[in-house]
Amino acid sequence: MEQSARPYGWTVRLRDGERTDAGGEFGLMGNTTTRRNASAMKMVGALLALYRQAAGHTQRSLGERFVIGEQQIASIEQGRRPLKPDLAEQLDDLLDTKGALSVALSRMPEVDLVPLWAEEYLDREREAIAISVYGSLAVPGQLQTEAYARAVFRSRVPVYDEDEIEQLVAARMQRQEILQRKAPPTTSFVVWEAVLRDRLGGKDVYIEQLSKLREYADVPGITLQVLPLGRTSHAGLDGPFVLLETPEHQRIAYMETQRGSQLIADPDGVGILTQKYAMLRTQALNTEDTRDLLDRLRGEA
């Protein structure tokens with residue numbers, strides 16, 4: 001039995017062909033209206049608690065063994081947080097369950113599953129102490145109005161039906177609660193000016209979205225910068241991405257293309273995107289000039 005502390009490590013995951021919406025701010029951000037079945041998650045959590053106790057571990061000792069913390073073990077056992085396959089395998093080995101946790105996880109009803117890479121990202125986003133977003137295709141999902149989000153999902157090819165669109169919009173609005181907390185994460189957004197000149201959804205939607213961005217530009221703890229058109233250099237030509245910092249000060253990144261999604265924890269990969277984001281911030285307008293631009297755009301609308 002492994003006795004040394006083992007960090008619960010991340011690996012790079014590429015999911016080819018799992019793009020789930022029109023984009024806006026990445027597919028997984030919209031396709032989160034169904035989570036794991038709550039009863040099934042509680043069942044897996046109860047199994048973990050049973051095997052943990054049988055092996056003589058407390059939640060604290062097990063959390064320390066995997067360097068993930070007592071609270072995360074408690075959340076999994078209570079069914080509030082999904083158990084990930086790689087952690088399940090490590091727990092099976094440590095607790096000598098004969099693979100029971102991994103099997104239970106694999107047998108959860110497929111209809112109730114959100115892609116695990118989406119769960120992983122969204123779990124980390126909810127816990128993040130810092131979020132940095134570069135948006136070059138649409139207004140970042142955290143800043144979208146309901147009408148703008150609806151226009152994003154209606155742009156999707158092949159099309160969603162109206163019921164699906166309303167579910168996706170509701171999920172996106174719920175996700176914005178991160179920024180409404182008493183102690184929200186420190187958040188930075190860089191948005192390409194082309195996004196702000198695209199009238200997705202029509203004039204009324206456009207004006208409302210500009211107004212919301214202008215409001216966020218004055219919120220403490222949120223930094224909004226616009227990367228202007230007409231630059232002779234551009235550090236974000238490879239497309240949009242997100243950087244997160246976890247409470248344990250681990251840095252992870254997420255990026256998406258037309259046909260794939262990539263969740264990155266490799267220090268070298270995250271480091272490259274961190275350098276790009278730093279360069280984008282120097283190339284973008286400062287916060288005061290960004291507010292002035294938003295005011296001008298609203299006046300021209």
Side-chain angles (χ1 to χ4, degrees), residues 1-20 27-128 167 171 174-175 244 246-248 250 252 254 260-266:
M1 181 180 296
E2 179 63 58
Q3 296 297 321
S4 61
R6 296 177 295 175
Y8 167 39
W10 277 52
T11 57
V12 174
R13 290 176 170 83
L14 182 63
R15 294 294 183 263
D16 186 39
E18 288 193 346
R19 177 71 174 230
T20 56
L28 70 87
M29 306 309 183
N31 192 23
T32 59
T33 55
T34 57
R35 298 282 288 171
R36 287 183 180 274
N37 178 273
S39 297
M41 287 176 61
K42 289 179 180 178
M43 179 199 69
V44 173
L47 280 175
L48 172 57
L50 178 67
Y51 285 117
R52 170 181 61 77
Q53 293 165 1
H57 281 284
T58 64
Q59 291 176 342
R60 175 175 294 181
S61 67
L62 195 61
E64 290 174 350
R65 181 63 60 89
F66 288 95
V67 199
I68 58 175
E70 177 182 1
Q71 186 56 49
Q72 183 166 329
I73 295 295
S75 295
I76 293 171
E77 290 186 353
Q78 294 163 14
R80 294 186 289 109
R81 183 179 186 131
L83 177 62
K84 305 300 188 321
D86 46 355
L87 180 57
E89 291 177 4
Q90 295 180 46
L91 287 166
D92 280 332
D93 290 341
L94 177 67
L95 303 177
D96 194 25
T97 70
K98 313 300 182 186
L101 294 173
S102 296
V103 171
L105 199 62
S106 69
R107 300 298 183 185
M108 292 179 70
E110 187 173 356
V111 69
D112 293 320
L113 295 178
V114 171
L116 287 176
W117 52 270
E119 287 187 343
E120 289 168 344
Y121 177 85
L122 293 168
D123 284 343
R124 269 60 187 184
E125 184 186 66
R126 279 188 292 270
E127 299 172 349
Q167 290 177 334
Q174 183 180 21
R175 182 168 157 258
L244 301 179
T246 71
E248 297 77 29
Q250 180 186 20
I252 61 176
Y254 177 82
S261 305
Q262 196 169 10
L263 194 59
I264 305 169
D266 172 66

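Any value given below was found using the heavy atoms of this structure, including those in side chains, with hydrogens, waters and symmetry copies removed.
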Next on the checklist: Is there a side-chain contact (heavy atoms from CB on, under 4.5 Å) between Asp96 and Tyr51? Walk through the geometry before answering.
Outcome noted: CA-CA 8 Å; Asp96 194 25; Tyr51 285 117; over 6 Å; no
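- Side-chain N or O atoms of Asp92 include none that pairs as donor or acceptor with a backbone N or O of Thr97 at under 3.5 Å.
- Looking only at side-chain heavy atoms (C-beta outward), Ile264 and Tyr254 stay at 4.5 Å or farther from each other.
- At distances below 3.5 Å, not a single donor-acceptor pair connects side-chain atoms of Ser61 with backbone N or O atoms of His57.
- In this structure, the side chains of Ile76 and Leu87 come closer than 4.5 Å at one or more pairs of heavy atoms.
- Among all heavy-atom pairs drawn from Ala265 and Ile252, the shortest one is CB-CG2, 4.1 Å.
- Looking only at side-chain heavy atoms (C-beta outward), Thr58 and Glu70 stay at 4.5 Å or farther from each other.
- When side chains are defined from C-beta on, Gln78 does not count as touching Met41, because their heavy atoms never get closer than 4.5 Å.
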Checklist entry - Can you check side-chain contact (heavy atoms from CB on, under 4.5 Å) on Arg175 and Glu125, steps first, answer last? => result CA-CA 10 Å; Arg175 182 168 157 258; Glu125 184 186 66; 2.8 Å; yes
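- Between Pro82 and Asp123 the shortest side-chain heavy-atom distance falls below 4.5 Å.
- A distance of 11.5 Å separates CG of Leu47 from CG of Leu95, quoted to the nearest 0.5 Å.
- Across Arg65 and Leu94, no two heavy atoms sit closer than the pair NH1-CD1, 3.2 Å.
- Ion pair Glu77/Arg52 flagged as a salt bridge, since at least one NZ, NE, NH1 or NH2 atom sits closer than 4.0 Å to an Asp/Glu carboxylate oxygen.
- Side-chain contact between Thr246 and Glu127 is absent, with no heavy atoms from C-beta onward closer than 4.5 Å.
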Next on the checklist: For a side-chain contact (heavy atoms from CB on, under 4.5 Å) check, start with the C-alpha distance between Ile68 and Leu62, then their side-chain angles and the critical distance, and finish with the verdict.
Outcome noted: CA-CA 9 Å; Ile68 58 175; Leu62 195 61; over 6 Å; no
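- Looking at Leu91 and Leu83, their side chains come closer than 4.5 Å, going by heavy atoms from C-beta outward.
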